[in-house]
Visitor: 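Have a look at this one.
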Amino acid sequence: MAIANKNIIFVAGLGGIGFDTSREIVKSGPKNLVILDRIENPAAIAELKALNPKVTVTFYPYDVTVSVAESTKLLQKIFDQLKTVDLLINGAGILDDHQIERTVAVNFTGTVNTITAIMSFWDKRKGGPGGVIANVCSVTGFNAIYQVPVYSASKAAALSFTNSLAKLAPITGVTAYSINPGITKTPLLHKFNSWLDVEPRVGELLLEHPTQTSLECAQNFVKAIEANQNGAIWKLDLGTLEAIEWTKHWDCHI
């Protein structure tokens, strides 16, 4: 079991898909669920605690755009408290192509920095026990929504990074897989800005086509966690879960 009795850190576990996924995780009975998010939400934390009183749910404020050093300090507090962490979920993301630098910082650099920080505790070359990483990327990492090219590119970068982490597992002892939701009904989707306003109605246009609910996405998210498959590229779309086979067009041969 990848959730039951485990210690889990969930970055951005109070967002739309994140909060529904946190609910489903708590139902599955981890030992500890540590939520790191930019804005505290005491009501949401109280709801998670009430769902399963056997699970210890804690919250720490965290902005993924801080430095690796700052991330490491926070993780040190968590590891001092829990001693071990089994799973890190990176779920932070923004969708606003007017905010170019912040989009890259949150969707890609923040994920890289958080993972770089936790490697200090997990890397088997440093005597660490290893661990598991689940990175929330996006189907736009497969094929861009071209009206939001900054967002799409940031998610493609996160997906590529995750695929590399999985291949590095024999060296580091840390496995990784990606969670790639399709269009999901969340507050993030209803209204957002396209790059250079090339399509002011991009959010509305996407909603004219079939979507999934955040609960459907969350339920499949938990199934992917339980599968615990290193290197998996999970597509969570229209209420389904599918493992994507990545096509190789080039190989570095090392």
Side-chain angles (χ1 to χ4, degrees), residues 2 6-15 17-19 21-22 25 30 32-40 57-95 99 101-126 128-138 141 151 153-169 171-181 221 224-225 230-231 234:
K6 302 296 185 181
N7 293 334
I8 299 171
I9 295 175
F10 195 163
V11 179
L14 298 180
I17 294 173
F19 188 48
T21 304
S22 290
I25 289 173
N32 286 278
L33 176 61
V34 180
I35 293 180
L36 309 183
D37 218 318
R38 195 169 59 87
I39 299 174
E40 188 170 3
V57 180
T58 53
F59 172 86
Y60 291 91
Y62 181 56
D63 185 333
V64 297
T65 65
V66 300
S67 66
V68 173
E70 286 300 310
S71 296
T72 303
K73 287 180 183 178
L74 175 57
L75 289 170
Q76 185 68 64
K77 292 181 183 178
I78 296 169
F79 274 82
D80 286 346
Q81 181 71 29
L82 302 184
K83 306 307 177 188
T84 61
V85 173
D86 303 289
L87 169 65
L88 168 67
I89 304 171
N90 289 296
I94 62 169
L95 179 45
Q99 299 187 64
E101 291 183 357
R102 183 160 178 80
T103 294
V104 175
V106 172
N107 295 356
F108 178 56
T109 310
T111 294
V112 174
N113 286 354
T114 303
I115 292 169
T116 301
I118 205 168
M119 283 296 184
S120 301
F121 305 90
W122 272 356
D123 195 330
K124 71 178 185 181
R125 295 171 300 169
K126 299 180 178 181
V132 180
I133 294 167
N135 286 335
V136 180
C137 301
S138 169
Y151 172 83
S154 70
K155 289 299 187 177
L159 175 60
S160 177
F161 182 67
T162 308
N163 293 343
S164 293
L165 289 173
K167 290 180 172 63
L168 289 170
I171 297 172
T172 64
V174 177
T175 60
Y177 51 85
S178 62
I179 303 293
N180 300 278
F221 197 146
I225 293 173
N230 184 47
W234 295 109

Visitor: Supply the atom-to-atom distance Ile225 CD1 to Ile8 CD1, rounded to the nearest 0.5 angstrom.
Guide: 6.5 Å

Visitor: Could you please spell out the steps behind the side-chain hydrogen bond (donor to acceptor under 3.5 Å, both in side chains) verdict for Asn135 and Thr162?
Guide: CA-CA 7 Å; Asn135 286 335; Thr162 308; 2.9 Å; yes

Visitor: Roughly how far, to the nearest 0.5 Å, is CG of Leu14 from CZ of Phe19?
Guide: 6.5 Å

Visitor: Measure across Arg125 and Ile171 and return the closest heavy-atom pair with its distance rounded to 0.1 Å.
Guide: CG-O, 3.6 Å

Visitor: Side chain of Asp86, backbone of Lys6: donor and acceptor closer than 3.5 Å?
Guide: no

Visitor: Where is the tightest heavy-atom contact between Ser22 and Phe10, given as atom of each residue plus distance?
Guide: OG-CD1, 3.4 Å

Visitor: Rounded to the nearest 0.5 Å, what's the gap from NZ on Lys126 to CZ on Phe121? Could you check?
Guide: 9.5 Å

Visitor: Considering the options Leu87, Ile89, Thr111, Leu165, which one meets the side-chain contact (heavy atoms from CB on, under 4.5 Å) requirement together with Ile133?
Guide: Leu165

Visitor: With no hydrogens and no angle check, is any side-chain donor or acceptor of Asn7 less than 3.5 Å from a backbone partner on Thr84?
Guide: yes

Visitor: Does Val106 have any side chain to side chain contact (heavy atoms under 4.5 Å, CB included) partners at least two apart in sequence or in another chain, and if so, which?
Guide: Val64, Thr65, Ala92, Ile94, Arg102

Visitor: Does any non-hydrogen side-chain atom of Ile115 lie less than 4.5 Å from one of Phe161?
Guide: yes

Visitor: Is a side-chain N or O of Ser154 found less than 3.5 angstrom from the main chain of Tyr151, in a donor-acceptor match?
Guide: yes

Visitor: Side-chain atoms of residues 71-78: list all donor-acceptor pairs with protein atoms under 3.5 Å, sequence neighbours left out, distances to 0.1 Å.
Guide:
unit_1	atom_1	unit_2	atom_2	d
Ser71	OG	Tyr62	OH	2.7
Ser71	OG	Ser67	O	3.2
Thr72	OG1	Val68	O	2.8
Lys73	NZ	Glu70	OE2	3.4
Gln76	NE2	Asp80	OD1	2.9

Visitor: Could you check Ile25 against Phe221 for side chain to side chain contact (heavy atoms under 4.5 Å, CB included), going step by step and ending with a plain yes or no?
Guide: CA-CA 9 Å; Ile25 289 173; Phe221 197 146; over 6 Å; no

Visitor: Using 0.5 Å steps for rounding, measure from the OH atom of Tyr177 to the CH2 atom of Trp234.
Guide: 9.5 Å

Visitor: How close do Leu159 and Gly141 get, heavy atom to heavy atom, and via which atoms?
Guide: CD2-O, 3.9 Å

Visitor: Quick one: CG on Leu95 to OG on Ser138, what's the gap to the nearest 0.5 Å?
Guide: 8.5 Å

Visitor: Set out, in order, the CA-CA distance, both residues' side-chain angles and the distance that settles side chain to side chain contact (heavy atoms under 4.5 Å, CB included) for Val174 and Asp123, then state yes or no.
Guide: CA-CA 7 Å; Val174 177; Asp123 195 330; 5.7 Å; no

Visitor: Begin with the C-alpha distance, continue with both residues' side-chain angles, and end with the deciding distance and a verdict on side chain to side chain contact (heavy atoms under 4.5 Å, CB included) for Phe79 and Ile118.
Guide: CA-CA 10 Å; Phe79 274 82; Ile118 205 168; 4.0 Å; yes

Visitor: Considering all heavy atoms of both residues, which atom of Gly93 and which atom of Asn107 are nearest to each other, and what is their separation?
Guide: CA-OD1, 3.1 Å

Visitor: For Gly110, does its backbone N or O pair with a side-chain atom of Thr114 as donor and acceptor, under 3.5 Å?
Guide: yes

Visitor: Can you measure from CD1 (Ile9) to OG1 (Thr58) and round to the nearest 0.5 angstrom?
Guide: 9.0 Å

Visitor: Report yes or no: does Ser178 contribute a side-chain atom to a donor-acceptor pair with the main-chain N or O of Asn180 at less than 3.5 Å?
Guide: no

Visitor: Evaluate the side chain to side chain contact (heavy atoms under 4.5 Å, CB included) criterion for residues Asp37 and Val11: first the C-alpha distance (whole Å), next the side-chain angles of each, then the deciding distance (0.1 Å), finally the verdict.
Guide: CA-CA 6 Å; Asp37 218 318; Val11 179; over 6 Å; no

Visitor: Please check: side-chain N/O of Trp122 versus main-chain N/O of Val132, any donor-acceptor pairing under 3.5 Å?
Guide: no

